[in-house]
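Take a look at the structure set out below.
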Amino acid sequence: MNTYDVIVIGSGPAGNAAAYGFKEQGEKVAIIESDLWGGTCPNRGCDPKKMLMSGVEAQKRVSTMIGKGFKQVPNINWEDLMAFKRSYTDHVPENTKTGLDEAEIDRYQGQAEFVDAHNIMANDQTLSADQFLIATGQRPAVLPIDGSDLLQSSTDFLALEHLPKRVAFIGAGYIAFELAVIANAAGSEVHIIHHNERPLKEFDKELVDDLVNHLEAEGIHFHFNINTKSIELSQPNYKIVGEGFELMTDMVIGATGRVPNVEGLHLDRAGVAFDKRGIQVDEHLQTTQATIFACGDVLAKSQPKLTPVAGFEANYVVQAMKAGSTEKISYPLIPTIVFGDQRLARIGVSEKELAEHAKKYHSQTIDLSSWYTYQRINDQGATIKLVYDEQDQIVAITCLSQLADELINYLLLVLSKKMSHEEVAKYIFAYPSPASDLSYFI
Ligand SMILES: Cc1cc2nc3c(=O)[nH]c(=O)nc-3n(C[C@H](O)[C@H](O)[C@H](O)COP(=O)(O)OP(=O)(O)OC[C@H]3O[C@@H](n4cnc5c(N)ncnc54)[C@H](O)[C@@H]3O)c2cc1C
Ligand SMILES: NC(=O)c1ccc[n+]([C@@H]2O[C@H](COP(=O)([O-])OP(=O)(O)OC[C@H]3O[C@@H](n4cnc5c(N)ncnc54)[C@H](O)[C@@H]3O)[C@@H](O)[C@H]2O)c1
């Protein structure tokens, strides 16, 4: 039987980063992956989505300049854009494997199943280790409705050879917004069906409403307060049925969240507790079994499920597992972005906290469209909202603009370092750029 110091389960951003970390610490390490090496982010998540989004960004930059030197909005050729995406994704599993091999981290392909707290099976082989790290991520949730087998997922969308004429998304979170923008820009008729009237509920309502208005003007159809009851196959199309609602479409994407990959692991045999949100861990990312830790999307934790969060936890857990005991994990500020031609980005105290203690906070919304940074790119929807506490300290910021993804990272540094206006004003930022506006916000 092959024996290791540590076995990592899952080769996504969490597991892969941790495996290298253990190796650098001089441990004998193995990693088990049941599907594509590299995990969700580079194969069927962030990275392929952003490759497709780059086509949208190029198109939308021209469309905001119509009448200002440009006459025509360019069409997106889906097949070519997909080939561009594949030029990256096709190499991810092989490159991931090569990297692990070069680092002398043993790889096993197969669904990992615990035998007990020190032994695991992968592809009929039993492996043993002193410690395990579970980093098995999440998969798309499937709505429990009639015809749920007809639902497709973000994974299917990101691999579409040909774009259907009509696409409907059920759910109005990150995935629906981002993929809807891509499909709409590439020429599909796009519908987003949501069960209440509050899409993207982790983001500021005022700016979400602005984003919805912008996307409606771009041609995306929103249907709020629709409880989807069933999906029917109406060859060759699909009929989505809700109360007093029917919609014909060519593809239905379920985008109602993601669920942790825990079932196949036989966690009960290893004494690892979990619930429907994921694996339970303490503040050292240790599970209910002392020798088994977990990190990344599979955790039952409230931190957003994002690639940089998975990487942060991986770095932490390598130290925690090696040292036996370290300080509790302490998360820095975590910025989040909904990508699109208009990007919605936020940082700081959660919308839930702001709503629950509304009296403690006050805010200011600034229309940035006439600021030179945004005027020069004709970004007419550019807005920033700053939320302050009773001491007038900034506690949360939401921005909506073509440059929000850049701006939020500068604001992350300013907020993390608790920089005052005077401190920000000491720096000379390159002009004109989103950074050169910083001292006017802070
Ligand atoms: C469409 C989409 C877009 C996204 N966009 C962004 C974005 O723009 N920015 C961002 O920060 N995040 C984004 N995310 C989230 C990001 O992809 C995840 O947060 C990140 O991949 C989590 O990493 P992980 O290693 O925890 O899990 P994963 O990347 O999911 O990796 C887990 C791995 O474990 C494997 N596995 C599962 N069970 C077993 C088992 N029993 N045995 C062996 N292996 C197993 C899986 O096959 C998988 O490869 C996006 C996600 C999706 C779906
Ligand atoms: N840009 C990014 O960072 C990015 C992009 C994509 C995905 N992600 C990650 O992937 C996760 C999953 O994304 P997601 O969009 O699937 O989940 P999500 O949790 O962001 O959104 C799911 C949405 O579906 C709605 N919903 C739930 N049940 C419904 C029903 N029966 N009918 C209609 N709507 C329903 C919810 O109210 C919610 O708005 C995200 O939370 C995030 O962690 C991140």
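Just so you know, ligand 1 is whichever comes first in the structure, and atom 1 is the first atom listed for that ligand. Computed from a prediction, not measured in an experiment: that's the story for all the values here.
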Checking [X] side chain against [Y] main chain: does a donor-acceptor pair fall under 3.5 Å?
X: Gln138; Y: Val298; value: no
X: Glu189; Y: Val167; value: no
X: Arg346; Y: Gly348; value: yes
X: Ser416; Y: Leu412; value: yes
X: Gln289; Y: Ala270; value: yes
X: His195; Y: Ile226; value: no
X: Arg166; Y: Met251; value: no
X: Ser350; Y: Glu353; value: yes
X: Arg343; Y: Val338; value: no
X: Gln131; Y: Met321; value: yes

Considering only heavy atoms of [X], which atoms of ligand 1 have at least one such atom less than 4.0 Å away?
X: Pro308; answer: 11 (O)
X: Gln111; answer: 41 (N), 42 (N)
X: Leu306; answer: 10 (C), 11 (O), 12 (N), 19 (O)
X: Gly110; answer: 42 (N), 43 (C)
X: Ala135; answer: 32 (C), 33 (C), 34 (O)
X: Gly137; answer: 27 (O), 30 (O), 32 (C)
X: Leu36; answer: 49 (O)
X: Ile32; answer: 43 (C), 44 (N)

Which segment of [X] sits under 4.0 Å of ligand 1 when only heavy atoms are counted:
X: Cys41; value: both
X: Asn43; value: neither
X: Lys305; value: backbone
X: Leu265; value: side chain

For [atom], grab the closest protein heavy atom and report residue, atom and distance to one decimal in Å.
atom: atom 26 (O) of ligand 1; answer: Asp297 N, 2.9 Å
atom: atom 25 (O) of ligand 1; answer: Ala14 N, 2.9 Å
atom: atom 20 (C) of ligand 1; answer: Thr307 OG1, 3.6 Å
atom: atom 40 (C) of ligand 1; answer: Ala112 N, 3.7 Å
atom: atom 6 (C) of ligand 1; answer: Cys46 SG, 3.3 Å
atom: atom 5 (N) of ligand 1; answer: Lys49 NZ, 2.9 Å
atom: atom 31 (O) of ligand 1; answer: Gly12 CA, 3.4 Å
atom: atom 47 (O) of ligand 1; answer: Glu33 OE2, 2.6 Å

Any nitrogen or oxygen of [X], main chain or side chain, under 3.5 Å from a nitrogen or oxygen of ligand 1?
X: Ser34; result: yes
X: Thr40; result: yes
X: Ser154; result: no
X: Gly296; result: no

The side chain to side chain donor-acceptor pair (under 3.5 Å) partners of Glu243 (sequence neighbours excluded) come to Lys229

Report yes if the side chains of [X] and [Y] come closer than 4.5 Å at any heavy-atom pair, otherwise no.
X: Leu211; Y: Leu200; answer: yes
X: Thr126; Y: Ile120; answer: no
X: His214; Y: Asp341; answer: yes

Close residues (non-hydrogen atom under 4.0 angstrom from ligand 2) work out to Lys49, Leu143, Ile170, Gly171, Ala172, Gly173, Tyr174, Ile175, Glu178, Ile193, His194, His195, Ala255, Thr256, Gly257, Arg258, Lys305, Leu306, Ile337, Phe339

With a 4.0 Å cut-off on heavy atoms, does [X] reach ligand 1?
X: Gly264; result: no
X: Arg258; result: yes
X: Phe339; result: yes

Taking the ring centre of each residue, are [X] and [Y] less than 6.0 Å apart?
X: Phe203; Y: Tyr174; result: yes
X: Phe157; Y: Trp78; result: yes
X: His223; Y: His191; result: yes

Any ion pair linking Lys352 and Glu356 (charged N to carboxylate O, less than 4.0 Å)? yes

Rounding to 0.5 Å, atoms CG (Leu265) and CD1 (Ile9) come to a distance of 5.5 Å

